[in-house]
Amino acid sequence: MADVASSTITISMPPEQVLEVIADVARYPEWTGQIKSAEVLEAGADGRPRQARFVMDAGVLKDEYVLQYDWTATGVSWELVGRSSVQKSQVGSYSLVPTGEGTEVTYQLSVDIAMPMLGMFKRKAEKMIMDSALKELKKRVESRA
């Protein structure tokens with residue numbers, strides 16, 4: 001079983017606006033560095049994605065995969081469904097907590113990749129992916145103010 005990594009950032013906007021950007025999966029290629037295309041395959045009654053396909057290019061790691069989402073009022077969780085050439089599993093979440101200054105966003109991610117990788121390199125890659133994702137999310141949300 002893969003380890004769970006976690007990172008947190010504060011965004012100076014209310015949780016509803018943060019969740020709105022997270023739910024706009026089709027626009028991820030506009031503001032994330034590693035997602036080259038994103039397509040909503042199925043939407044829920046609230047219009048948020050239930051399943052989405054992604055094409056990722058993170059330098060040496062390139063992958064195409066489908067995530068299934070579960071939305072709540074305070075965040076979203078997801079898991080890998082279907083085939084992936086790089087990942088055996090992926091489970092993640094964004095948890096949003098309102099603060100006096102905006103929203104505290106915690107990103108949790110557990111990825112089991114299909115190739116051998118030393119634990120320290122895997123943890124470093126997870127940390128880099130999570131920190132980059134949170135910084136890009138913060139920049140995107142706050143640019144909409």
Side-chain angles (χ1 to χ4, degrees), residues 1-59 61-84 86-114 117 119-145:
M1 179 173 197
D3 295 331
V4 177
S6 179
S7 189
T8 299
I9 197 168
T10 299
I11 297 177
S12 62
M13 298 296 279
E16 299 79 19
Q17 292 186 20
V18 176
L19 204 55
E20 183 179 314
V21 170
I22 293 170
D24 194 2
V25 167
R27 292 190 160 201
Y28 281 18
E30 295 176 10
W31 58 273
T32 65
Q34 300 170 347
I35 302 298
K36 300 307 176 193
S37 72
E39 174 188 8
V40 175
L41 301 176
E42 179 185 340
D46 59 2
R48 293 176 175 161
R50 291 270 309 137
Q51 282 196 355
R53 177 181 297 125
F54 297 91
V55 174
M56 177 191 75
D57 184 348
L61 292 178
K62 297 175 181 20
D63 198 9
E64 181 173 339
Y65 55 93
V66 175
L67 298 179
Q68 181 162 320
Y69 292 92
D70 184 21
W71 298 90
T72 68
T74 59
V76 60
S77 59
W78 64 86
E79 66 178 332
L80 178 73
V81 294
R83 299 181 58 130
S84 163
V86 175
Q87 303 172 72
K88 291 181 183 176
S89 69
Q90 179 185 147
V91 177
S93 67
Y94 281 115
S95 299
L96 284 58
V97 176
T99 68
E101 301 172 6
T103 304
E104 182 180 276
V105 181
T106 299
Y107 182 15
Q108 290 190 314
L109 183 64
S110 174
V111 177
D112 190 7
I113 58 174
M117 182 181 266
M120 63 185 256
F121 292 120
K122 181 176 181 266
R123 286 187 294 278
K124 185 175 181 178
E126 285 174 342
K127 176 80 173 148
M128 184 182 74
I129 289 168
M130 296 177 69
D131 287 349
S132 176
L134 284 173
K135 287 176 185 171
E136 290 171 338
L137 176 63
K138 178 180 174 72
K139 183 177 177 183
R140 177 69 171 197
V141 173
E142 292 178 349
S143 74
R144 299 176 63 194

Considering all heavy atoms of both residues, which atom of Thr106 and which atom of Ser6 are nearest to each other, and what is their separation?
CG2-OG, 3.5 Å
Test Thr74 against Ser95 for side-chain contact (heavy atoms from CB on, under 4.5 Å), laying out the working first.
CA-CA 6 Å; Thr74 59; Ser95 299; over 6 Å; no
Student check: side-chain heavy atoms of Asp70 and Val76 closer than 4.5 Å:
no
Counting distance only, does the side-chain N/O of Gln51 pair as donor-acceptor with the main-chain N or O of Val66 below 3.5 Å?
no
Take atom CD in Glu101; do more than 12 heavy atoms of anything else shown fall under 6.0 Å from it?
no
Would Glu64 and Met56 count as a side-chain contact (heavy atoms from CB on, under 4.5 Å) here? Give the steps.
CA-CA 6 Å; Glu64 181 173 339; Met56 177 191 75; over 6 Å; no
Taking atom NZ of Lys62 as the centre, does the number of heavy atoms from other residues, nucleotides or ligands within less than 6.0 Å exceed 12?
yes
Do the charged groups of Lys36 and Asp57 touch, with an N to O distance under 4.0 Å?
no
My understanding is that only one of Thr8, Ile9, Thr10 makes a side chain to side chain contact (heavy atoms under 4.5 Å, CB included) with Leu134; could you say which?
Ile9
Partners passing side-chain contact (heavy atoms from CB on, under 4.5 Å) against Pro14 (at least two apart in sequence or in another chain):
Glu16, Gln17
Inter-residue atom distance Ser132.OG - Tyr107.OH, 0.5 Å rounding
9.5 Å
Rounded to the nearest 0.5 Å, what separation is found between the CD1 atom of Ile22 and the OG atom of Ser93?
10.0 Å
Between the CZ atom in Arg48 and the CG atom in Asp24, the distance rounded to the nearest 0.5 Å is 11.5 Å
What residues form a side-chain contact (heavy atoms from CB on, under 4.5 Å) with Lys88, not counting sequence neighbours?
Asp112, Ala114
What pairs meet the ring-ring contact (aromatic ring centres under 6.0 Å, His included) rule with one or both residues in residues 29-53, with sequence neighbours excluded?
Tyr28-Trp31
Please report the C-alpha distance between Gln90 and Leu67 in whole Å, then the side-chain angles of each, then the deciding distance to 0.1 Å, and finally whether the side-chain contact (heavy atoms from CB on, under 4.5 Å) criterion is met.
CA-CA 8 Å; Gln90 179 185 147; Leu67 298 179; 4.0 Å; yes
Heavy atoms of Ala52 and Tyr69 approach each other most closely as CB-CE1, 4.0 Å
Give me the atom names and distance for the closest heavy-atom approach of Pro29 to Ser37.
CG-CA, 3.7 Å
Aromatic centroids of Trp71 and Tyr94 separated by under 6.0 Å
no
Quick check on side chain to side chain contact (heavy atoms under 4.5 Å, CB included): which of Met13, Lys138, Arg140 does Val21 satisfy it with?
Arg140
Who pairs with Tyr65 by ring pair (Phe, Tyr, Trp, His ring centres under 6.0 Å), at least two apart in sequence or on another chain?
Phe54
What I'd like to find out is whether the side chain of Ser84 reaches to under 4.5 Å of the side chain of Asp63, using heavy atoms alone.
yes
For Pro49 versus Val25, what's the shortest heavy-atom pair and its separation?
CG-CG2, 3.5 Å
Please determine whether side-chain contact (heavy atoms from CB on, under 4.5 Å) holds for the pair Leu109 and Val4, giving the CA-CA distance in whole Å, both sets of side-chain angles, and the decisive distance to 0.1 Å.
CA-CA 6 Å; Leu109 183 64; Val4 177; over 6 Å; no
According to side-chain contact (heavy atoms from CB on, under 4.5 Å), who are the partners of Arg50, at least two apart in sequence or on a separate chain?
Glu42, Gln68
Residue set satisfying salt bridge (Lys or Arg N to Asp or Glu O under 4.0 Å) with Arg83, at least two apart, ordered chain then number -> none
All heavy atoms of Pro98 vs all of Pro15, minimum pair found to be CB-CG, 3.8 Å
